[in-house]
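Before any comments, here is the structure.
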Amino acid sequence: MSEGKNVDALFLLYVPHNRVASPRPHRDDATTHIRFRAARGDAHNRRLRYAAPRPGLGSGTPRCGRMERPPRLLSSPLWLHGRRCDVCVSGAALTWTAATGRTRIPGRAAGSHCVPVCEIVGVQEAAGRSQKSEPGRWPRVLQKPDKSQQPAFTVSYVGRGRQHRWRCSEVTFHCADWSTCHQWVQTIQEQLSLLTNRPKRLLVYVNPFGGKQRGRQIYEQKVAPVFSRAAISADVIVTERANHARDHLKTEAELKEYDGVVCVGGDGMFSEIVHGLISRTQLDSGVDQDSPEETLVPCSLRIGIIPAGSTDCICYATVGANDPVTSALHIVVGDCQPLDVCSVHHDDALLRYSLSLLGYGFYGDVLTDSEKKRWMGPARYDFSGLKTFLTHHQYEGTVSYLPATGSVGSPRDRMKCRSGCHVCQHNSPLPSVDSLEDETKAVLANGGPRDVWQVVRGKFVAINAASMSCACPRSPKGLSPSAHLSDGTTDLILVRKCSRLDFLRHLLRHTNKDDQFDHPFVEVHRVRRFRFAPRHHDADSELDLRDGGKGLFGQICRDHPACGCAAPRSTWSCDGETLPHTSIQVRVHSKIIQLFARGIEERPAFQDPGVLYAA
Ligand SMILES: CCCCCCCCCCCCC/C=C/[C@@H](O)[C@H](COP(=O)(O)O)NC(=O)CCCCCCCCCCCCCCC
Ligand SMILES: Nc1ncnc2c1ncn2[C@@H]1O[C@H](COP(=O)(O)OP(=O)(O)O)[C@@H](O)[C@H]1O
Ligand SMILES: [Ca+2]
């Protein structure tokens with residue numbers, strides 16, 4: 001934990017004065033400032049100004065970028081690092097300005113800091129050692145206040161690091177007396193309690209065997225301390241078997257008691273949580289998930305992901321980093337990011353839901369092989385990836401898809417999905433036919449653009465549907481760099497039969513800036529639905545075929561015409577789980593679940609401007 005040095009120039013625009021401790025009562029339309037005097041004759045307290053918040057003030061999510069003058073609730077001189085500074089809290093921000101700031105940043109007040117209230121994690125009384133005995137050094141660990149020591153309080157807040165990482169920063173202010181200290185703590189806590197989007201009680205599932213098997217330690221050492229600073233209580237369940245979390249959510253969990261569900265694990269563990277929550281919501285609403293035409297009811301509980309898996313692509317693509325503290329802080333501040341979910345059906349039976357990669361051919365084969373090598377940890381994907389690359393199979397089949405006509409954006413437009421993405425906001429779910437204008441109905445009745453299925457037949461090295469970018473540490477831009485988190489579409493990538501060298505060229509482009517779709521054997525379509533049927537589809541034989549081909553070159557034998565066997569088939573990988581059927585129908589359901597995330601921030605709203613409190 002480090003003491004932060006964040007200031008935002010924009011914020012200073014609406015912090016009324018840099019020297020907040022004006023001795024004169026400040027008149028403000030929104031609040032009535034009261035002179036607060038705890039001890040008569042105390043020069044410090046004569047300067048402490050307090051304004052009771054009006055009912056409703058600041059309720060809901062305060063928008064950090066709001067350009068209106070926030071009412072000041074409390075301001076007084078306090079001490080930081082042995083120096084006096086003017087501190088002020090309003091419904092929007094906590095600001096502090098060194099009374100004798102030494103560093104000047106153009107356009108900013110000297111030594112000024114600003115933390116939006118919505119990014120304060122928590123506040124706690126903390127006894128500091130006497131300033132006289134050890135100036136400039138205060139305890140970093142929060143302690144129970146000892147009345148014999150100097151009164152102080154510590155504010156924990158979101159600090160921004162590199163590559164979208166957040167850290168829990170701290171600043172400790174020293175007060176002249178305990179009464180002032182209590183007043184500050186109480187006022188900041190009151191402001192935090194008005195942020196109704198923040199979770200107070202969470203249900204946490206930890207997969208102790210995901211990734212490098214460090215889920216439990218990651219939660220205890222990195223996440224629990226952040227939750228405790230934010231006064232979030234958590235009921236923690238360490239899973240004992242696969243599908244433990246899914247089944248518990250589906251049938252047992254008292255969901256009304258919680259403000260969110262958190263999973264500590266990888267994409268597979270997240271998938272369990274999603275399946276549990278979606279199933280529970282549909283069961284409660286009487287929706288038949290087995291029917292591909294049913295409209296799913298969105299889940300009300302938000303889901304947090306603490307990355308502790310092998311790929312962690314959902315976390316990486318929604319937050320921009322796979323860092324447990326960053327994810328914990330996104331949960332604490334109550335972020336909300338809706339996500340699209342693909343339902344995958346075989347005839348009239350739901351197989352699974354997919355949120356990241358639904359892959360047949362290359363990625364399906366990588367997954368099938370890697371499952372036997374779980375003991376290798378995350379490296380299993382690289383090993384199986386190389387092995388699958390060397391075997392270089394092609395699979396024959398028919399892909400039919402319904403293009404996402406009418407939606408903004410296309411897979412190659414280089415418009416990346418970022419926090420507050422306008423493509424996702426624009427592409428809300430399609431209106432029901434009843435709500436359409438007569439003219440539009442007529443177009444649709446004549447086989448308008450919404451209903452024209454396209455058909456592609458051939459041999460494919462890979463068929464991938466990326467509902468989000470699938471960015472991950474192996475490929476920071478992802479399988480489909482311009483795919484969107486909640487636009488109601490998925491990017492269907494067809495890699496046709498090609499040479500091994502060409503496929504390598506295509507794969508390599510996932511790791512550099514070149515366009516991986518710019519090959520004659522690759523096509524990409526933004527779609528709302530698609531279907532796949534393997535060649536010589538025979539429903540009864542599907543399950544038997546899945547296990548065909550043992551050993552490194554087993555599948556080559558399956559390809560060999562002399563064997564007389566059916567056309568070779570791959571398996572679908574659905575967010576890291578294999579599907580039991582190759583013939584599937586896929587449909588995107590927009591904004592069915594919500595994450596404690598905000599999408600990748602393009603430019604952090606409150607960037608670190610550099611050193612302010614120069615020693
Ligand atoms: C030559 C290097 C090419 C690197 C190409 C990397 C492309 C990576 C795209 C990854 C997309 C990941 C989508 C996410 C899927 C996850 O939901 C899912 C489950 O995650 P979990 O285990 O955390 O629960 N993960 C996966 O399905 C794993 C996919 C990983 C694929 C790795 C493929 C590596 C390919 C290496 C080829 C090597 C060729 C070398 C030739 C000399
Ligand atoms: N206690 C457990 N024992 C065995 N498997 C589990 C347990 N808890 C969850 N799982 C399963 O482990 C699989 C992988 O989990 P995940 O957290 O995604 O790790 P990884 O990213 O390494 O695949 C998931 O399919 C999940 O269902
Ligand atoms: Ca999408």
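Throughout, residue positions are numbered sequentially from 1 according to the sequence presented.
Taking 4.0 Å as the cut-off between side-chain N and carboxylate O, R201 and D235 count as a salt-bridged pair. With respect to the salt-bridge test (charged N to carboxylate O, under 4.0 angstrom), the residues D502 and R505 qualify. Contact check on D515 versus R414 returns no salt bridge, with no Lys/Arg side-chain nitrogen under 4.0 Å from an Asp/Glu carboxylate oxygen.
Residues Y205 and H248 place their aromatic rings such that the two centres sit under 6.0 Å apart.
Sorted by first and then second residue, the pairs that involve residues 263-275 and meet side-chain hydrogen bond (donor to acceptor under 3.5 Å, both in side chains), not counting sequence neighbours, are S271-H275, S271-R352. For residues 325-340, the pairs satisfying side-chain hydrogen bond (donor to acceptor under 3.5 Å, both in side chains) are D323-T326, H330-D335, D335-R598, D340-S590, with sequence neighbours left out.
Contact between V206 and M269 at its shortest, heavy atoms only, is C-CE, 4.5 Å. For M468 against L355, the heavy-atom pair with the smallest separation is CE-O, 3.4 Å. Nearest heavy-atom pair across C299 and I593 is SG-CG2, 4.0 Å. When every heavy atom of A483 is checked against every heavy atom of A466, the shortest pair comes out as CB-O, 4.0 Å. Counting all heavy atoms, side chain and backbone alike, C313 lies closest to S356 at SG-CB, 3.6 Å. Scanning both residues, C118 and R198, for their nearest heavy atoms gives O-NH2, 2.9 Å.
Looking only at side-chain heavy atoms (C-beta outward), N322 and P473 come within less than 4.5 Å of each other. Side chains of V325 and L329 form a contact here, defined as non-hydrogen atoms less than 4.5 Å apart. Q516 has its side chain within reach of P481: a pair of non-hydrogen atoms, C-beta onward, lies under 4.5 Å apart. Taking the side chain as every heavy atom from C-beta outward, Y363 and S570 never approach each other to under 4.5 Å. When side chains are defined from C-beta on, F362 does not count as touching I463, because their heavy atoms never get closer than 4.5 Å.
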Run the side chain to side chain donor-acceptor pair (under 3.5 Å) check on S310 and R380 step by step: do they pass? CA-CA 9 Å; S310 300; R380 70 189 184 277; 3.0 Å; yes
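For R474 (side chain) and Y381 (main-chain N/O), no donor-acceptor pair under 3.5 Å exists by modelled atom type. With S343 contributing its side chain and Y353 its backbone, the two residues share no donor-acceptor pair below 3.5 Å. Within the 3.5 Å criterion, the main-chain N or O of C336 finds no donor-acceptor partner in the side chain of R302. With S475 contributing its side chain and T511 its backbone, the two residues share no donor-acceptor pair below 3.5 Å.
Atom CG of L357 sits about 8.5 Å away from atom SG of C574, to the nearest 0.5 Å.
Residue R241 qualifies as enclosed at atom CZ: its count of foreign heavy atoms under 6.0 Å is above 12. Within a 6.0 Å radius of CD in Q163, no more than 12 heavy atoms belonging to other residues, nucleotides or ligands are found.
Each of T239, V204, N207, I305 was scored for a side-chain contact (heavy atoms from CB on, under 4.5 Å) with V264, with one residue passing: V204. With L595 as the partner, the side-chain contact (heavy atoms from CB on, under 4.5 Å) test is satisfied by one option alone out of L485, V319, L339: L339.
Under the 30°/60° scheme for interplanar angles, the aromatic rings of W572 and F530 are found to be tilted. Using bins of under 30°, 30° to 60° and over 60° for the plane-to-plane angle, the ring pair Y360/F532 lands in the tilted bin.
Side chains of T571 and T578: no donor on one and acceptor on the other come within 3.5 Å.
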